[in-house]
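As the structure is a prediction and not an experimental result, all values here were calculated from the model.
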Amino acid sequence: MKEAPERCQKGCDCPSGVMENSKEDYKIQSFDMETQKLLKTALKEPSSVDLEKVSNVIVDQSLKDQMFSKEAGRICYTIVQRRRQTNGNVFRRNLLNRLQQEFKAREETRNRSLLEWVCFVTFICNIFDYLKVNNIPMMALVHPVYDCLFRLAQSDSLKNEEEVDCLVLQLHRIGDQLENMSAPRMDELFFLLRDGFLLHEGLGSMARLLLLEILEFRAGGWQLSDTAQKYYYSEALAPGLFGWLKSCIG
């Protein structure tokens, strides 16, 4: 069953895992020392660095490092929060401009590198999850995120387990928020997923199980019953899915 997000010490609806006084280290060890210094400074004193450079560094790394693409939303959230007292829109604007560029090139990205494409989808969904205006997701990201998920739901993508994994993970993470922003598009997406599950002859066993789980997850109001959880996440039934879930929520 879906747990309520953690709340920060100020009582606001910060995304889960983002606490105002969190001492958790950000995963920036993959950068060279100069870039690590840039990011650490941006996280503490964003007004003292070139935020356009920072946004480009974050996007570039997110497109080639799937683990970092999951972390990037939290980093961006922290920078925006630090800048709120001065001009927090500068970094957000730079970030959105770069996201728009990458979004326009998404099909070329997918054709060039499946990993880079999956990283991009993971990144834009994390930005959607973390960066909000008055605790509401940014409208500018709603339809681009939907378009990415629709692409993952096409028949050629359903043949690739990496893309199905990405699709289902993002729907677990932000599906309820997306539906609140545009329920008709979510209905359309799930019609596509249902047809893919029922009619696609080339689905692998893991992809089929993931699609069945997400169909039931949404039908249950973005949560699963205890019985369904035991069924889908039984290590005996589907060890791959069990491990995938643990990596997602752990």
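Using a distance-only test at 3.5 Å, with no hydrogens or angles considered, a donor-acceptor pair links the side chain of N126 to the main chain of T122. Looking only at distances, no side-chain donor or acceptor of N160 sits under 3.5 Å from a matching main-chain atom of E163. Looking at N134, its side chain never comes within 3.5 Å of a backbone N or O of I136 through a donor-acceptor pair. At distances below 3.5 Å, at least one donor-acceptor pair connects side-chain atoms of T78 with backbone N or O atoms of R74. Here the side chain of H200 pairs a donor or acceptor atom with the backbone of S155 at under 3.5 angstrom. In this structure, the side chain of Y77 does not engage the main chain of A72 through any donor-acceptor pair within 3.5 Å. Between the side chain of S157 and the main chain of A153, no donor-acceptor pair closer than 3.5 Å is present. In this structure a side-chain-to-backbone donor-acceptor pair under 3.5 Å is missing from T35 to F31. Proximity of a side-chain donor or acceptor of R82 to a complementary backbone N or O of P46 within less than 3.5 Å is not detected.
Seen from the ring of F120, R106 does not count as a face-on cation partner, given the 6.0 Å and 45° thresholds. Remark: R208 is positioned above the aromatic ring of F197, its terminal NZ or CZ atom under 6.0 angstrom from the ring centre and at most 45 degrees off the axis.
For the side-chain contact (heavy atoms from CB on, under 4.5 Å) test, residues two or more places apart in sequence or in another chain that qualify with A228 are E216, L224, S225, Y232. Listed by chain and number, the residues in a side-chain contact (heavy atoms from CB on, under 4.5 Å) with D195 are L199 (sequence neighbours excluded).
One distance of note links OG of S62 with CD of E116; it measures 11.0 Å at 0.5 Å rounding. In this structure, CG in L193 is found 7.0 Å from CG in L158, a value given to the nearest 0.5 Å. For the atom pair NZ (K132) and CG (N135), the distance works out to 8.0 Å, reported to the nearest 0.5 Å. The line from CE of M181 to NE2 of H143 is 8.5 Å long, rounded to the nearest 0.5 Å. For the atom pair L95 CG and M138 CE, the distance stands at 7.0 Å (nearest 0.5 Å). With values rounded to the nearest 0.5 angstrom, L63 atom CG is found 9.5 Å from L115 atom CG.
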Check against salt bridge (Lys or Arg N to Asp or Glu O under 4.0 Å), R218 and D187: CA-CA 10 Å; R218 192 224 178 181; D187 288 338; 2.6 Å; yes
side-chain contact (heavy atoms from CB on, under 4.5 Å) assessment of C119 paired with F68: CA-CA 9 Å; C119 284; F68 183 78; over 6 Å; no
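E179 and W222 share a donor-acceptor pair across their side chains, judged by distance under 3.5 Å alone.
Taking 4.0 Å as the cut-off between side-chain N and carboxylate O, E102 and R98 count as a salt-bridged pair.
Among pairs with a residue in residues 136-159, those fulfilling salt bridge (Lys or Arg N to Asp or Glu O under 4.0 Å) read E107-R151, R110-D156, D147-R185, R151-D156, at least two apart in sequence or across chains.
Heavy-atom minimum distance, V142 versus L178: O-CD2, 4.1 Å.
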